[in-house]
Every structure is written in C-alpha cells, then in structure tokens.
Student: 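Handing you a structure now.
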Amino acid sequence: MGAGTDMSFEEKRAWIYAAIATGVPVIYFALILRQIPTTDVTQIAYVGPMLAAIGAAIAANIITTIAAALASPKEADKKDERDKQINRLGEHIAFYVMSTLALIPLGLTMAESAPFWIAHTLYLAFVLSALTSSTVKIVAYRRGL
C-alpha cells in the first residue's frame, strides 16, 4: 500500500495483534514483577494472573478483530495472495524467534530453576514471538513484500 491509501484489513489485524501483544503483557509483568523485591518468587501467585492475561489477550484480539470487521465489512473478507505471503513470512520468522527463545526456559528447567522463572521466560518467548510476527507483517505491508 502506498502513501495516502487505506490499510488492508489484514494489516489492521497485524496492528491489533501488536497492540494487544504489547499491552497485556506490560500490565501483567508490571503487576507481577513489582513483587520480586519484597517477596520470594516461590511465594508469588502468578499462575492465575498469567492465565487471566493469556485469556484477556485472546479475548481482546477476538473482540477487536470482530469490531474492525464490523467497521469495514467489505474489506474483512478480502485476502489476496500478497496477504497470504506476508502472513506466511511473519509466522515463519516468529517460529524461529519462538524456537530460539524456548531454549531459555529449557535451560532453566535443566538447571532446576524456580518454576516462576521458567514460566515467565516461556511467556516472554511467546510475547516476543507475537510481536515479531506482527512487526514483520506491518513492515512488509508498509515497505512492500
């Protein structure tokens, strides 16, 4: 898409995904990590909040995508070959990011680290993978594929 043209629905979805994949984890980590200076990590109740954050991100993504589709119903169904290529590229690169970052919690597990750190490095790997996917897609739409 060139300058002055509207963004495609698929690009809007990438922006939505990027915003949610940034916002929800920032809130989650702010709430949980602020406890570290005063509480032993084995005493921090993180499982429920982490599941809530994951659920909130999924729900927010679904709701905002539906809202975007309702705002532009004619565009929501349109997906061309370029959209498919961009999606494939974003997911391909995100796969390598996730695969590489998953080595950190694996290493922490082998080192018998606290489950708190293992869970959070794995969650962070998913977050960074999602951000990578969105960023690659947005750049591909903006600069061309």
Side-chain angles (χ1 to χ4, degrees), residues 1-39 41 43-109 113-145:
M1 306 242 114
T5 59
D6 292 327
M7 73 174 78
S8 72
F9 184 74
E10 293 302 314
E11 183 181 353
K12 288 177 188 175
R13 287 185 63 208
W15 280 103
I16 289 168
Y17 195 57
I20 293 167
T22 301
V24 172
V26 164
I27 294 167
Y28 170 79
F29 282 122
L31 293 172
I32 297 299
L33 296 182
R34 71 178 180 191
Q35 298 176 52
I36 291 175
T38 59
T39 309
V41 295
Q43 302 302 313
I44 297 174
Y46 68 90
V47 175
M50 184 182 288
L51 292 174
I54 293 167
I58 291 168
N61 191 40
I62 291 168
I63 291 166
T64 54
T65 300
I66 290 170
L70 292 173
S72 306
K74 292 180 183 176
E75 296 175 20
D77 296 358
K78 294 180 183 176
K79 191 171 187 178
D80 60 17
E81 188 59 36
R82 180 173 177 252
D83 291 321
K84 291 176 186 175
Q85 288 176 331
I86 289 172
N87 185 60
R88 199 170 17 249
L89 176 65
E91 296 305 315
H92 182 80
I93 293 173
F95 168 79
Y96 286 107
V97 169
M98 181 63 201
S99 298
T100 302
L101 292 176
L103 295 174
I104 297 168
L106 180 64
L108 289 172
T109 301
S113 296
F116 176 90
W117 295 115
I118 297 166
H120 283 90
T121 56
L122 187 57
Y123 180 52
L124 185 59
F126 279 112
V127 168
L128 294 175
S129 175
L131 289 173
T132 299
S133 173
S134 296
T135 302
V136 167
K137 292 173 187 179
I138 291 166
V139 169
Y141 277 112
R142 292 287 147 174
R143 294 192 180 161
L145 179 65

Student: Run Arg142 and Glu11 through salt bridge (Lys or Arg N to Asp or Glu O under 4.0 Å) and show every step you take.
Tutor: CA-CA 9 Å; Arg142 292 287 147 174; Glu11 183 181 353; 2.6 Å; yes
Student: If the condition is side-chain contact (heavy atoms from CB on, under 4.5 Å), which residues does Ile62 pass it with, not counting sequence neighbours?
Tutor: Ile58, Ile66
Student: Rounded to the nearest 0.5 Å, how far does CE of Met7 lie from CD1 of Ile138?
Tutor: 8.0 Å
Student: Show which side-chain atoms of residues 90-106 pair as donor or acceptor with protein atoms under 3.5 Å away, not counting sequence neighbours.
Tutor:
unit_1	atom_1	unit_2	atom_2	d
Glu91	OE2	Ser133	OG	2.8
Glu91	OE2	Lys137	NZ	2.7
Ser99	OG	Phe95	O	2.8
Thr100	OG1	Tyr96	O	2.8

Student: So, using side-chain contact (heavy atoms from CB on, under 4.5 Å) as the criterion, who are the partners of Thr65 when residues are at least two apart?
Tutor: Phe9, Arg13, Ile16, Asn61
Student: Sequence neighbours excluded, which residues qualify as side-chain contact (heavy atoms from CB on, under 4.5 Å) partners of Thr22?
Tutor: Val26, Leu131
Student: Under a 4.0 Å N-O cut-off, is there an ion pair linking Arg88 with Glu81?
Tutor: yes
Student: Quick check: do Asp83 and Asn87 have side-chain heavy atoms less than 4.5 Å from each other?
Tutor: no
Student: With rounding to the nearest 0.5 angstrom, report the OG to NZ distance, Ser8 to Lys79.
Tutor: 10.0 Å
Student: With sequence neighbours excluded, tell me which residues meet side chain to side chain donor-acceptor pair (under 3.5 Å) with Trp117.
Tutor: none
Student: Answer yes or no: does atom NZ of Lys84 have more than 12 heavy-atom neighbours from other residues, nucleotides or ligands under 6.0 Å?
Tutor: no
Student: Please identify each residue that fulfils side-chain contact (heavy atoms from CB on, under 4.5 Å) with Ser72, with sequence neighbours left out.
Tutor: Lys12, Glu75
Student: Could you measure the distance from the CD1 atom of Ile54 to the CE atom of Met50? Nearest 0.5 Å is fine.
Tutor: 6.0 Å
Student: Only counting residues at least two apart or in another chain, list the ones meeting ring pair (Phe, Tyr, Trp, His ring centres under 6.0 Å) with Tyr17.
Tutor: none
Student: Testing the basics here: between Val127 and Ala21, what is the closest heavy-atom pair and its distance to 0.1 Å?
Tutor: CG1-O, 3.5 Å
Student: Mind checking ring pair (Phe, Tyr, Trp, His ring centres under 6.0 Å) for Phe126 and listing every partner two or more places apart, or none if nothing turns up?
Tutor: none
Student: Distance check, rounded to the nearest 0.5 Å: Glu10 atom CD versus Ile86 atom CD1?
Tutor: 9.5 Å
Student: Are Trp15 and Ser134 side-chain neighbours, meaning at least one heavy-atom pair lies under 4.5 Å?
Tutor: no
Student: Please report the shortest heavy-atom distance between Val41 and Ala114, naming the atom on each side.
Tutor: CG2-CB, 4.1 Å
Student: Between the side chain of Ser129 and the main-chain N/O of Ala125, is any donor-acceptor distance below 3.5 Å?
Tutor: no
Student: List in chain and number order the residues that pass side chain to side chain donor-acceptor pair (under 3.5 Å) with Tyr28, two or more places apart in sequence or in another chain; answer none if no residue qualifies.
Tutor: His120
Student: Show which side-chain atoms of residues 30-37 pair as donor or acceptor with protein atoms under 3.5 Å away, not counting sequence neighbours.
Tutor:
unit_1	atom_1	unit_2	atom_2	d
Gln35	NE2	Leu31	O	3.3

